[in-house]
Amino acid sequence: RAGRRGAAPGPGHRGAGVMRVQVCIPHYFKEHADPGDNPNGYGSLRSGARLARSIALSRCITALLDLQRRPETCLLNISRKSIDHLANGEEPLEVQISICTDGANRLEDVLDLYRNRIQVIDHPLDNPRDLPLACRDHLIQNHPDADLLSYMEDDVVIHDKLFFDKQLWFHNKTNHQFSLMPHRYERVDAGSMDTLMVDGPLDPSFIGRFAQPQKQVASGQFRGVEPVSFDIADNPHSGTFCVSQQQAQQLRGAELPREGFVGPLETAATLTVLHRYPVMKPSLECWRFLRVEHGHPSFLHYINTLPHQAAG
């Protein structure tokens, strides 16, 4: 049975026009000196990665907290020694964050920094590789009141303040029949390159088992001003997924996949939705519309080992 430590502040009274987002993040960290113990190169098992992993987890949580929108901003009025309240004038957005761990292998000092802002849930498991699946199950099964439910690996960093607004817009416009994944990138900042999009096209023989990729199958205007087109993704993985309340209800009544897309980590992040909904991503020319940073880079070495060519 899952154990709980601490709790994020309750949402309180939920008035009209408040978007509520529930995020669940599987978190596991155990350094391995032997690369043979980590054949997939996961950052959570990488030798000497404690500092980098701590920074990535902290950035992940902080970015989510920064997405929240509350009705007021406060001003410290030094002159009259008071706290002045100012109306924000934005639609409120509440983000509740649950961190799922195995109860032992985790960055305790980082979690402790956020102890009043997050909920930590322990899932003692015989095989820690199943933690992403346990986190996924907890998200889908326990949050029927959230408008959006988001699963996120613990090194995903969201910079876009309208990330969840875009997700909700997409789900409503597509009648909750599709899933929208962001493009995931790492910073390069060398020569003419600023970023590396790390989830490029998969081998057609592999992705063909799950989907038939197609370019520019849909288009729309976010908030009536920002045009964007979407592809059926040739690589649906992003290290995260976001489902609507209606989709979560459908998934809640279904048997969720436990294997089938690379390993348990990728199955939880991708096959959870891919087995039920066609997965779209913004078309390449619109990739900045929905993107997340991979906060613990793992792919930059390919910049120096693979040939460079113009996109075809």
Side-chain angles (χ1 to χ4, degrees), residues 19 21 23 25 43 55-69 93 95 97 148-171 173-174 178-190 192-202 207 211 213 215-223 225-244 265-266 268-270 272-274 277-300 302-303 311:
M19 187 198 309
V21 179
V23 180
I25 301 170
I55 293 172
L57 176 60
S58 178
R59 293 183 67 213
C60 174
I61 296 173
T62 297
L64 285 169
L65 293 173
D66 284 346
L67 296 182
Q68 297 186 111
R69 299 191 297 259
L93 189 157
V95 180
I97 304 170
L148 294 173
L149 296 84
S150 180
Y151 169 97
M152 187 175 300
E153 293 173 6
D154 65 355
D155 58 1
V156 169
V157 183
I158 300 175
H159 298 285
D160 185 353
K161 300 298 184 183
L162 297 177
F163 182 88
F164 289 121
D165 300 84
K166 293 175 180 178
Q167 286 281 358
L168 189 60
W169 168 79
F170 176 88
H171 286 304
K173 288 294 185 181
T174 59
F178 295 85
S179 177
L180 178 62
M181 298 288 198
H183 289 283
R184 193 171 52 142
Y185 69 90
E186 296 178 356
R187 297 292 317 180
V188 180
D189 296 319
S192 63
M193 299 172 290
D194 59 2
T195 53
L196 173 67
M197 299 164 65
V198 300
D199 298 307
L202 293 171
I207 189 59
K215 295 186 181 299
Q216 298 185 338
V217 295
S219 62
Q221 282 192 320
F222 177 63
R223 295 190 167 180
V225 295
E226 185 174 357
V228 57
S229 61
F230 302 94
D231 302 341
I232 298 294
D234 51 21
N235 184 345
H237 186 67
S238 297
T240 179
F241 70 75
C242 184
V243 295
S244 67
L265 185 71
E266 295 82 5
T270 304
T272 297
V273 292
L274 182 60
Y277 309 106
V279 171
M280 292 190 189
K281 287 186 177 181
S283 303
L284 277 183
E285 58 269 26
C286 308
W287 79 274
R288 289 179 175 83
F289 175 77
L290 198 76
R291 53 180 169 162
V292 295
E293 181 185 355
H294 189 213
H296 187 194
S298 301
F299 301 92
L300 292 179
Y302 289 118
I303 291 287

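Values reported hereafter were calculated over all heavy atoms of this structure, with side chains retained and with hydrogens, waters and symmetry mates removed. Model, not experiment: these values are computed from the prediction.
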Step-by-step side chain to side chain contact (heavy atoms under 4.5 Å, CB included) determination, Arg291 to Thr195: CA-CA 11 Å; Arg291 53 180 169 162; Thr195 53; 5.6 Å; no

Go through the steps for Ser150 and Thr240 under the test side chain to side chain contact (heavy atoms under 4.5 Å, CB included), then give the verdict. CA-CA 7 Å; Ser150 180; Thr240 179; 3.8 Å; yes

Checking side chain to side chain contact (heavy atoms under 4.5 Å, CB included) for the pair Ile97/Leu65: CA distance, chi angles, key distance, verdict? CA-CA 9 Å; Ile97 304 170; Leu65 293 173; 3.8 Å; yes

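For the side chain to side chain contact (heavy atoms under 4.5 Å, CB included) test, residues two or more places apart in sequence or in another chain that qualify with Asn235 are Asp199, Leu202, His237. Tyr277 pairs by the side-chain hydrogen bond (donor to acceptor under 3.5 Å, both in side chains) definition with Gln250, not counting sequence neighbours. For Asp66, there are no salt bridge (charged side-chain N to carboxylate O under 4.0 Å, His left out) partners, not counting sequence neighbours. Scanning for side chain to side chain contact (heavy atoms under 4.5 Å, CB included) contacts around Gln216 gives Ser229, Asp231, Ser283, Glu285, with sequence neighbours left out. Scanning for side-chain hydrogen bond (donor to acceptor under 3.5 Å, both in side chains) contacts around Arg187 gives Asp189, with sequence neighbours left out. Scored by the ring-ring contact (aromatic ring centres under 6.0 Å, His included) test, Phe164 finds no partners at all (sequence neighbours excluded). Contacts of Val156 classified as side chain to side chain contact (heavy atoms under 4.5 Å, CB included), with partners at least two apart in sequence or in another chain: Met152, Glu153, Val292. Partners of Leu196 under the side chain to side chain contact (heavy atoms under 4.5 Å, CB included) rule, at least two apart in sequence or in another chain, are Val188, Val198, Phe299, Leu300, Ile303. Considering only residues two or more places apart in sequence or on other chains, Arg69 meets the side-chain hydrogen bond (donor to acceptor under 3.5 Å, both in side chains) condition with Asp165. With sequence neighbours excluded, the residues satisfying side-chain hydrogen bond (donor to acceptor under 3.5 Å, both in side chains) with Thr272 are Arg136. Remark: Phe178 engages no residue in a ring-ring contact (aromatic ring centres under 6.0 Å, His included) (not counting sequence neighbours).
With rounding to the nearest 0.5 Å, the separation of OG1 in Thr62 from CD1 in Ile158 is 12.5 Å. In this structure, Ile207 CD1 and Leu274 CG are separated by 6.0 Å, a value rounded to the nearest 0.5 Å.
Shown are His159, Gln167, Lys166; of these, the side chain to side chain contact (heavy atoms under 4.5 Å, CB included) with Phe163 is made only by Gln167.
The two atoms that bring Ala269 and Phe241 nearest to each other are O-CD2, 3.5 Å, heavy atoms only. Nearest heavy atoms, Ser238 versus Met181: OG-CB, 3.4 Å. Between Pro236 and Thr270 the shortest heavy-atom distance is CG-CG2, 3.8 Å. Of all non-hydrogen atoms in Gly295 and Pro297, the two that sit nearest each other are O-CD, 3.5 Å. Counting all heavy atoms, side chain and backbone alike, Asp160 lies closest to Leu67 at O-CD2, 3.3 Å.
Here the side chains of Thr174 and Met280 are not in contact, with every heavy-atom distance at 4.5 Å or above. Under the 4.5 Å side-chain criterion, counting only non-hydrogen atoms from C-beta, Leu290 is not in contact with Lys281. Contact check for Cys242 versus Leu168: no side-chain heavy atoms found under the 4.5 Å cut-off.
Note: Phe230 and Trp169 have tilted aromatic rings, judged against thresholds of 30 and 60 degrees for the angle between ring planes.
Remark: side-chain polar atoms of Ser219 are not paired, donor with acceptor, to backbone N or O of Val228 under 3.5 angstrom. His183 places a side-chain N or O within donor-acceptor distance of the main-chain N or O of Pro282, the cut-off being under 3.5 Å.
For residues 55-65, the salt bridge (charged side-chain N to carboxylate O under 4.0 Å, His left out) pairs, not counting sequence neighbours, are Arg59-Glu293.
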